[in-house]
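Lettering follows sequence order; numbering is per chain, from 1.
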2 protein chains.
Amino acid sequence: MSLTALLFGRRLASDEEEKEQIGPFSGVPVLGLDALASASYGPEAALTVLIPLGALGLRYIVPLSALVIALLTIVYVSYRQTIVAYPNGGGSYIVAKENLGTTAGLIAAAALLIDYVLNVAVAVSAGVGALVSAVPSLLPHTLGLCLAVLILLTAANLRGLRTAGLVFMAPTYAFLGCLFAVIAIGIGKTLLQGGHPTPVVAPPSGHAEASLGTASLWLLCHAFASGCTAMTGVEAVSNGVPAFRKPSSLQARRTLSYIVGSLGVLLAGIALLTRSYGITATEPGQTGYESILSQVVSAVVGRGPFYYATLSAVVAVLLLSANTSFADFPRLCQLLAIDRFLPEPFIHRGRRLAFSYGIGVLAGLSAILLVAFQGITDSLIPLFAVGAFLAFTMSQSGMVAHWRRVGGKRSGLHLAINATGATATAATLVVIIVSKFTEGAWISSLLVLTAFLTFRGVRRHYDRLDAEVRTHEPLDLSPPPPPLVVVPVRRWDLVTQNGLRFALQLSPDVYALQVLLDDPRVEDLSREWPALVEEPAKQKGLTPPRLVVVRSRYRRLFRPLLRFVATVARAHPDRKVAVVVPEVVESRWYHYLLHNHTATILKWLLLFRGGKGVVIVNTPFYLHDAPKAA
Amino acid sequence: MSLTALLFGRRLASDEEEKEQIGPFSGVPVLGLDALASASYGPEAALTVLIPLGALGLRYIVPLSALVIALLTIVYVSYRQTIVAYPNGGGSYIVAKENLGTTAGLIAAAALLIDYVLNVAVAVSAGVGALVSAVPSLLPHTLGLCLAVLILLTAANLRGLRTAGLVFMAPTYAFLGCLFAVIAIGIGKTLLQGGHPTPVVAPPSGHAEASLGTASLWLLCHAFASGCTAMTGVEAVSNGVPAFRKPSSLQARRTLSYIVGSLGVLLAGIALLTRSYGITATEPGQTGYESILSQVVSAVVGRGPFYYATLSAVVAVLLLSANTSFADFPRLCQLLAIDRFLPEPFIHRGRRLAFSYGIGVLAGLSAILLVAFQGITDSLIPLFAVGAFLAFTMSQSGMVAHWRRVGGKRSGLHLAINATGATATAATLVVIIVSKFTEGAWISSLLVLTAFLTFRGVRRHYDRLDAEVRTHEPLDLSPPPPPLVVVPVRRWDLVTQNGLRFALQLSPDVYALQVLLDDPRVEDLSREWPALVEEPAKQKGLTPPRLVVVRSRYRRLFRPLLRFVATVARAHPDRKVAVVVPEVVESRWYHYLLHNHTATILKWLLLFRGGKGVVIVNTPFYLHDAPKAA
């Protein structure tokens, strides 16, 4: 077994892909992880914005959460319709492209890709943040831990991680079970203790001093915009409808209900508990930082084994939720590449049937974000949600156009629902961009724009290429005259002979070109040429190759060569010029350190600078111990 | 004027090299800089070893210096003979190779190359050390300054620095003038004040407490070994005899006398003054560090303008003395490359007639040393002198063999002189290696050994290569059968047509090979092949190319291709297999980001793995806006 096989597993054949057939029970972990994990950073993001209000901020967390939940409900109802209308998978790209045209589709795609990248960065940093809350001594290693997790995820996905199975199910249901229990216990205690329960472990209160007396509308918009990150990932189910068991759209809708329902309960529960326990956010990235979830759980049940079990589930779910992007980003890239908006390598699956190229690009971009923002979730939050809400809006608007096009008796209601969804998400998008613009939303907007322009540019390039090379004409075989052949010759040896012999097979018109530099060991071949080449050629009745010797005063090798080729080509515009480049093939790579790589450089120069009629012929000369053929 | 021309100057023709014709006055700066500069770190190196003795150490500096000067005199007399015997330049490599054989020559060459590299590192670090002594606030930037100077020197040399001229003369004579004046004034004051002059500026005395009561022989050997670094660079004149005006060996001997005389005066003067002013070394690389020369000058004349003038000259001479290596290292590399002990690129001169390759290698190696030793001269000193004294010894031993071979009436005396030189330098070499072994001499010894083995290995490789490719036979032209041609085909377009057309020019036996991966956009060509290719070929009376379609279950492109080529080659061992690789040439480099580089990878794989009979033909297809030919 080779090292690659050990690291990446056996290469899989194209027909070995398993079709996943999932129901709601496995659908929640596979497609809902991203959405559910948002519950652990969304409320925290909102509360962090409220830090300047101190304890006063707690007054606003319940109404803000209620607003987010209301928006979530609207989006939920809208997406149920998308699932029914697009049983083969209705990602935002497809829905927008089919109904609103290519430009809208590409905007949606750009938004989604940026969203996926940010989801990886945020999920990883939030997961590590949760870990650091439980084990504060790890705080200084935040960025290192983030990158380690990213590398692990990338490796697992390159190996072709199966998204179903216990790996995903166990943490998801542990996460839901633990948090539901905490919420139930917490609300029970609150009710029993008259609305003001005593925390088992008091939340850190050092930061709860108010620096602002009252909340401005601006600050509240800000907090709302941050809280909306809790909704990212809701679109995943509508993408994945074909993965469900029949009747798939029913199963998918049921799954979406479970996911959104759970997410709603989590958001509401967390909001109520932070309120009643008086939990405020701590300054992210500073000593003493503790995540909201960690504070809530320790306030409700204390720092016992249950705390650690819950926090472990939170960490696991956050880290695994990054994986949603690893599944969806490369798949969307493939769709775009098939439509020729992205380069071809995105189409091909790697040795384990994963889209290695897309996975690599996603990992690279996320790593850049993590490093740029030092792995601090709070710094990444302002960039997030722009992509998600732009994709929501494009998808919902696409559905509006869809219903208008489809018509029919119930389409009016459907249209109204999706129009509400589109309006609500568009309004939220505006709030997010405006309130977070200087903090980071400008970066996301710029990234979306860049991605969009890239798609356009790539497509334009491929179209232009196609216009020039595509043909359906049969082969044109009007017999061309034989090519002219140029053989650069350094000295008289078997390598040169090998090249000259092949040159004479190609054409009767062969030029041997010797460029003399300042190497005292290389001799002018003029004197010996008649004996070495001309006589033997004449004896066989062949036209002898002509020797041209150029003395390069400026010790330039390639310029005289290219000039000669260009001169020959210009003199015979109707004929191809084949340049035969003789080359020695060595047995060991380090032997190439001893060479001057003339042949390699010459081949490149001829390819790019040779000109239209030039063909490059490379005659390798194998040394005795050169590696054997494949 | 292009950017390269602006940075590196106009390209020079091979016949534009000026012949320098120097006499003793310009010979001292050009060939003596390295030797004279040693005076500023040699005594310091010895005194640094004596630090543990405190003020007691001063007792030993005069006898130690006397020993070094005696050794210098022996080496001087020996080299005068080399100059007479080798009027065309008697570098250690040549003298040792001619008289003692190749192995001895290569050992001398290895020793010299290592010595040159260390000379750059030591000269730069000592120059920066002198600067830092004058401007202590620069101390923390020592390494950065060293590297900046190194980059400057490298750039100047790549541009083709002329070693004659005011750049070298002015600092050299300023250096000699100032230091001679300081020595004269200092000795005068000493005599006037009864042997114990009052320093104008008292040397720092914090480190002058003795931690050892008495000097062991070991410590003294150590100090002597360090002090011997003052002798490095003395061999330069014997290398450069042909550069002198006629009668060149007389002029060269006169120059050597001036250089060695000056060096002797400097060493003796510095020793006497440190003794009488009670100057001890300070801990190198620590705060409060001050070079010995700086202490001597400020003790004798104070920190006035003269101090700064002298120190400036010292800094200039040290930094310029690194340049001796930049002149000699690449020239020795060229000699070795012509004898095929080093790779070919060392032979060729760059755009400004400098040996760019050798200069680059020297700069790289010195940079590694500077970084590894943090730019601290004292840490580099134990590595130094090994190379120089090994080269001295090989050269003197070579001269002994020379006189034995030459015979004649006065050869007995000559032989005796060189034998004394060889014995003295060999003995010193043993002292240096033994006393400095663990501190760094082991590194130099290892480097010399590595260099020696590299020369041997390179030569062996070239010999083996030559044995396989060299021939003086005329071209063998028994008419070979036409090649078999394989054309990898992706889809039907003009690029493919271009390739197929050329393939049919090469031979009637053409295979078109289509490998199908998992790209949904690529169609099997089987159905259309008869209409597209077979019919037109038959109409022209040509054998139609055969289409072979391979479905790659494991999405491998290259393996099936190479397998097919290998199969064809095995089936026809008497014929060449030409693989035609069609390729699109784009107009902009960044367009290549959109390609999958199949053609490039395929060409490489065929070259290295194709096997003996394979020829690679690359048919470029130029897009309309592709760059024009040269």
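The residue from A:Ile601, A:Leu562, A:Val577 that alone fulfils the side chain to side chain contact (heavy atoms under 4.5 Å, CB included) condition with A:Leu606 is A:Leu562.
For the pair B:Gln539 (side chain) and B:Glu534 (backbone), a donor-acceptor distance under 3.5 Å is absent. With B:Ser507 contributing its side chain and B:Pro483 its backbone, the two residues share a donor-acceptor pair below 3.5 Å. Side-chain N or O atoms of B:Trp492 include none that pairs as donor or acceptor with a backbone N or O of B:Glu528 at under 3.5 Å. A donor-acceptor pair is defined here as one N or O able to donate and one able to accept, closer than 3.5 Å; such a pair exists between the side chain of A:Arg555 and the backbone of B:Arg349. Within the 3.5 Å criterion, the main-chain N or O of A:Pro481 finds a donor-acceptor partner in the side chain of B:Gln505. For B:Asp339 (side chain) and B:Phe341 (main-chain N/O), no donor-acceptor pair under 3.5 Å exists by modelled atom type.
Counting heavy-atom pairs closer than 4.5 Å to chain A, the top residue among B:Arg501, B:Glu583, B:Arg556, B:Gln334 is B:Arg556. Ranked by heavy-atom pairs under 4.5 Å with chain B, the list A:His472, A:Lys576, A:Arg470 is led by A:Arg470. Put simply, of B:Thr619, B:Asp493, B:Val495, the one with the most heavy-atom pairs under 4.5 Å next to chain A is B:Asp493. When each of B:Val617, B:Val469, B:Val615, B:Leu532 is checked for heavy-atom pairs under 4.5 Å with chain A, B:Val469 comes out on top. Contact count versus chain B (heavy atoms, under 4.5 Å) is highest, among A:Thr496, A:Thr471, A:Ile347, for A:Thr471.
Within the 4.5 angstrom heavy-atom criterion, atoms from both the backbone and the side chain of B:Leu607 approach chain A. Only the side chain of A:Asn498 comes within less than 4.5 Å of a heavy atom in chain B; its backbone stays farther off. Interface remark: B:Val581 contributes no atoms to any contact with chain A (heavy atom separation under 4.5 Å). Residue contact with chain A, scored on non-hydrogen atoms closer than 4.5 Å, involves the backbone and the side chain of B:Gln497 alike. Residue contact with chain B, scored on non-hydrogen atoms closer than 4.5 Å, involves the backbone of A:Ala337 exclusively. Contact of A:Leu542 with chain B is made through the side chain alone, with heavy-atom distances under 4.5 Å. Of the atoms belonging to A:Glu535, not a single heavy atom falls under 4.5 Å from chain B. With a threshold of 4.5 angstrom between heavy atoms, A:Thr600 approaches chain B through side-chain atoms but not through N, CA, C or O. No part of A:Val565 comes within reach of chain B, as not one of its non-hydrogen atoms sits under 4.5 angstrom from that chain. Both the backbone and the side chain of A:Ile338 come within contact range of chain B, each with at least one heavy atom under 4.5 Å from a heavy atom of that chain. With a 4.5 Å cut-off on non-hydrogen atoms, A:Arg559 does not touch chain B at all.
With respect to A:Glu344 and B:Arg490, a salt bridge is recorded, a charged nitrogen being found less than 4.0 Å from a carboxylate O. A salt bridge links B:Asp466 to A:Arg491: one of the charged nitrogens lies within less than 4.0 Å of a carboxylate oxygen.
Side-chain atoms of B:Lys603 and B:Asn618 include a donor-acceptor pair closer than 3.5 Å.
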